[in-house]
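To start, the structure itself, in structure tokens.
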Amino acid sequence: MAKNIKCLVLLVAISYMIESIQGHNEAEGGFHCDSGATAQIQVDYMPGIITLDGKSQDWNNILGHSFPLRPALDPDEDKEYTGGKMTVKALHDGHNIFFLLEVPGEYRYVQGMEMSCPSVALMFQVGGNATYHNMGACKETVDSCTSKSCGGHEVDIMHFSIGTAIPGRLYGANIIDNTNGTGGDRFGHLVDLYAWNPHCRYLDGMGPQGNGNGANFSARNDWHGAWWHDLIDNSFGLLENANPYASTGSKGTYTFEFSRPLRTSDRLQQDVQFVIGQAHNFSAAFWYPVNGNPWTKSSHYSVSCDWVTLEIISADKESHVVSSTRAVDTVNIISLVLSLSAFGVSIFVGWWVRKGKSMTFTPIDHL
């Protein structure tokens with residue numbers, strides 16, 4: 001009897017465990033992500049129009065895409081960032097690629113406190129097996145991830161935390177950190193990183209043996225960037241002693257502006273290499289001190305729960321878009337020249353005829 005009771009208890013326990021596992025699997029299976037697969041950022045060829053100062057006026061005529069911001073780890077609509085959508089714009093000039101991120105939000109800035117200020121990041125697929133999920137999704141641990149064991153899972157990341165950055169000033173690539181062969185930025189924390197997964201994330205030129213460790217001078221920070229908020233009222237440059245630069249808690253819009261060469265000198269598979277005429281996968285993230293509470297590393301919002309397509313348009317393809325306008329302009333110019341010429345000829349003919357009337361007429365039969 002006691003033996004039967006033990007068996008019954010064991011069966012009940014096993015059944016409970018199976019139900020628990022199934023319930024967990026159902027929860028995972030019920031996870032839904034509307035990735036916005038149709039979203040695409042078109043990177044047009046438009047040289048000579050962007051000043052990298054963190055302000056958005058240069059971008060007024062550039063088309064972009066607005067994304068709802070949802071928690072990267074739990075992208076439910078009811079947990080969406082309530083401040084508004086992130087607008088992403090991009091263009092290139094044949095040498096550099098430029099990005100603009102605009103995010104509405106109450107002004108928050110605490111000098112020197114990175115997690116009490118907004119922060120943004122861009123992530124790009126580098127390796128062929130790199131997924132958006134799990135930041136490249138290499139299955140190795142921090143003790144075993146290397147360029148060999150995680151090869152093909154590389155993602156390229158630019159991260160800008162503005163806690164030590166003055167609005168409108170340029171940060172990122174600088175001679176000191178680049179001389180050291182890393183992607184760091186000791187002045188404004190606009191850093192250049194790579195990753196294989198969330199636990200194996202390093203500054204360019206740093207990481208496991210064979211990935212630079214600051215000794216491979218092909219590694220460097222290739223990014224430049226600046227930030228602004230439309231509540232900041234200054235057109236002539238700010239100094240650090242002017243912080244917090246605007247009234248805390250007032251509503252407005254943050255802008256973040258970045259640039260990087262299309263191609264870099266990376267030889268460690270840590271940078272994405274942009275190619276004109278091709279599409280690339282990317283994503284954008286946003287950290288914000290909601291209600292003034294410091295954010296944590298995993299509490300960021302994302303524009304999508306999968307890659308977003310970034311299509312870099314060639315100058316030839318761009319030119320045909322405006323070819324009809326240029327053709328009309330050319331026809332108008334030619335018409336104007338012909339009209340002026342005809343007018344000039346008519347004046348000359350009138351003058352010549354009038355002058356001819358004053359001459360003596362000689363009958364031809366007397367010649």
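For clarity, every value in this text was computed on a predicted model and none was experimentally measured. Quick note: numbers below take in every heavy atom, side chains included, and nothing from hydrogens, waters or symmetry partners.
- When atom types are taken as modelled, the side chain of Gln270 and the backbone of Gly205 share a donor-acceptor pair closer than 3.5 angstrom.
- Inter-residue side-chain proximity for Leu100 and Ser56 is flagged as met; some heavy-atom pair is nearer than 4.5 Å.
- The side-chain heavy atoms of Phe286 and Leu101, taken from C-beta on, include no pair separated by under 4.5 Å.
- Here CH2 of Trp196 is found 10.5 Å from CD of Gln269. Values are rounded to the nearest 0.5 Å.
- Closest heavy-atom contact between Met46 and Leu91: O-CD1, 3.8 Å.
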Please step through disulfide bond (SG atoms under 2.5 Å apart) for the pair Cys150 and Cys138, ending with a clear verdict. CA-CA 6 Å; Cys150 288; Cys138 178; 1.9 Å; yes
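- By the criterion of side-chain heavy atoms lying less than 4.5 angstrom apart, applied directly or through intervening Ile, Leu, Val, Met, Phe, Trp or Tyr residues, Val272 is grouped together with Ile97 in one hydrophobic cluster.
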Dump the intermediate steps for side chain to side chain contact (heavy atoms under 4.5 Å, CB included) on Arg186 and Asn180, then the final yes or no. CA-CA 12 Å; Arg186 65 190 66 197; Asn180 292 334; 3.3 Å; yes
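- Taking every heavy atom of both residues into account, Ala165 and Trp227 meet most closely at O-NE1, 3.0 Å.
- Among all heavy-atom pairs drawn from Ser283 and Val303, the shortest one is OG-CG2, 3.8 Å.
- A continuous path of hydrophobic side-chain contacts links Ile232 to Phe256 [ILVMFWY only; heavy atoms under 4.5 Å].
- Residue Ile49 holds its CD1 atom at 7.0 Å from CG of Asp58, rounded to the nearest 0.5 Å.
- Both Tyr109 and Tyr171 sit in one connected hydrophobic cluster of ILVMFWY residues. Membership requires side-chain heavy atoms under 4.5 Å apart, directly or through other members.
- Aromatic ring centres of His92 and Phe98: separated by at least 6.0 Å.
- Cluster membership for Trp295 and Val110, using ILVMFWY side-chain heavy atoms within less than 4.5 angstrom, is not shared.
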Kindly indicate, with the supporting measurements, whether the criterion side chain to side chain donor-acceptor pair (under 3.5 Å) is fulfilled by Trp59 and Glu102. CA-CA 11 Å; Trp59 297 82; Glu102 293 181 293; over 6 Å; no
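- Rounding to the nearest 0.5 angstrom, the gap separating the CD1 atom in Ile157 from the CG atom in Asp204 is 9.5 Å.
- At a threshold of 4.5 Å between side-chain heavy atoms, the hydrophobic network of Ile, Leu, Val, Met, Phe, Trp and Tyr places Met123 and Met206 in one connected group.
- In this structure, the side chain of Asn291 does not engage the main chain of Asn293 through any donor-acceptor pair within 3.5 Å.
- Using a 4.5 Å heavy-atom threshold, the side chains of Asn221 and Asn178 count as touching.
- The main-chain N or O of Asp78 is never found under 3.5 Å from a side-chain atom of Asp76 such that the two would form a donor-acceptor pair.
- At distances below 3.5 Å, at least one donor-acceptor pair connects side-chain atoms of Asn60 with backbone N or O atoms of Gln57.
- Put simply, the side chain of Gln40 never gets that close to the backbone of Thr309: no donor and acceptor are under 3.5 Å apart.
- Using modelled atom types, one side-chain atom of Thr146 and one backbone atom of Lys148 make a donor-acceptor pair closer than 3.5 Å.
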What do the steps show when you test Ser119 against His159 for side chain to side chain donor-acceptor pair (under 3.5 Å), and what is the final call? CA-CA 8 Å; Ser119 179; His159 188 199; 2.7 Å; yes
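- Counting heavy atoms from C-beta on, the side chains of Pro208 and Tyr202 come closer than 4.5 Å.
- The heavy-atom pair separating Ala137 from Thr131 by the smallest distance is CB-OG1, 3.1 Å.
- No donor-acceptor distance shorter than 3.5 angstrom exists from the side chain of Tyr132 to the backbone of Asn281, with no hydrogens or angles considered.
- In this structure, the side chain of Glu154 engages the main chain of Gly152 through a donor-acceptor pair within 3.5 Å.
- Closest of all the heavy-atom pairs between Ala90 and Ile41 is CB-CG2, 4.0 Å.
- How far CE of Met158 is from NE2 of His224: 12.5 Å, rounded to the nearest 0.5 Å.
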List the steps, then state whether ring-ring contact (aromatic ring centres under 6.0 Å, His included) holds for Phe124 with Phe274. CA-CA 10 Å; Phe124 305 89; Phe274 296 110; 5.4 Å; yes
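- Taking the centre of each ring, His280 and Phe282 stay at or above the 6.0 Å mark.
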Test log, rule side chain to side chain contact (heavy atoms under 4.5 Å, CB included), inputs Phe258 and Val120: CA-CA 11 Å; Phe258 306 104; Val120 293; 3.6 Å; yes
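- Side-chain atoms of Lys85 do not come within 3.5 Å of backbone N or O of Ser66 as any donor-acceptor pair.
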Apply side chain to side chain donor-acceptor pair (under 3.5 Å) to Thr264 and Asp271, showing your working. CA-CA 7 Å; Thr264 73; Asp271 288 343; 3.0 Å; yes
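- Between Pro71 and Tyr301 there is a side-chain heavy-atom pair separated by less than 4.5 Å.
- Closest non-hydrogen pair, Ser302 versus Ala72, comes out as CB-CB, 4.1 Å.
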Under the side chain to side chain contact (heavy atoms under 4.5 Å, CB included) criterion, do Glu311 and Ile313 qualify, and how do the steps go? CA-CA 6 Å; Glu311 184 179 3; Ile313 306 300; 3.8 Å; yes
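- Remark: Leu238 CG to Asp233 CG distance equals 9.5 Å, nearest 0.5 Å.
- Between the side chain of Asp185 and the backbone N or O of Gly172, at least one donor-acceptor pair lies under 3.5 Å.
- Between the CD atom in Glu77 and the NZ atom in Lys79 there is a gap of 13.0 Å [rounded to 0.5 Å].
- In this structure, Leu231 and Tyr245 have side chains that are not in contact, with every pair of non-hydrogen atoms separated by 4.5 Å or more.
- For the salt bridge (Lys or Arg N to Asp or Glu O under 4.0 Å) with Arg260, the qualifying choice from Asp156, Asp222, Asp192 is Asp156, the only one to do so.
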Hey, mind stepping through Leu122 and Trp223 against side chain to side chain contact (heavy atoms under 4.5 Å, CB included) and telling me if it holds? CA-CA 11 Å; Leu122 297 175; Trp223 288 92; 4.1 Å; yes
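- No side-chain heavy atom of Glu114 sits less than 4.5 Å from a side-chain heavy atom of Trp287.
- Side chains of Val126 and Tyr194 form no contact here, defined as non-hydrogen atoms less than 4.5 Å apart.
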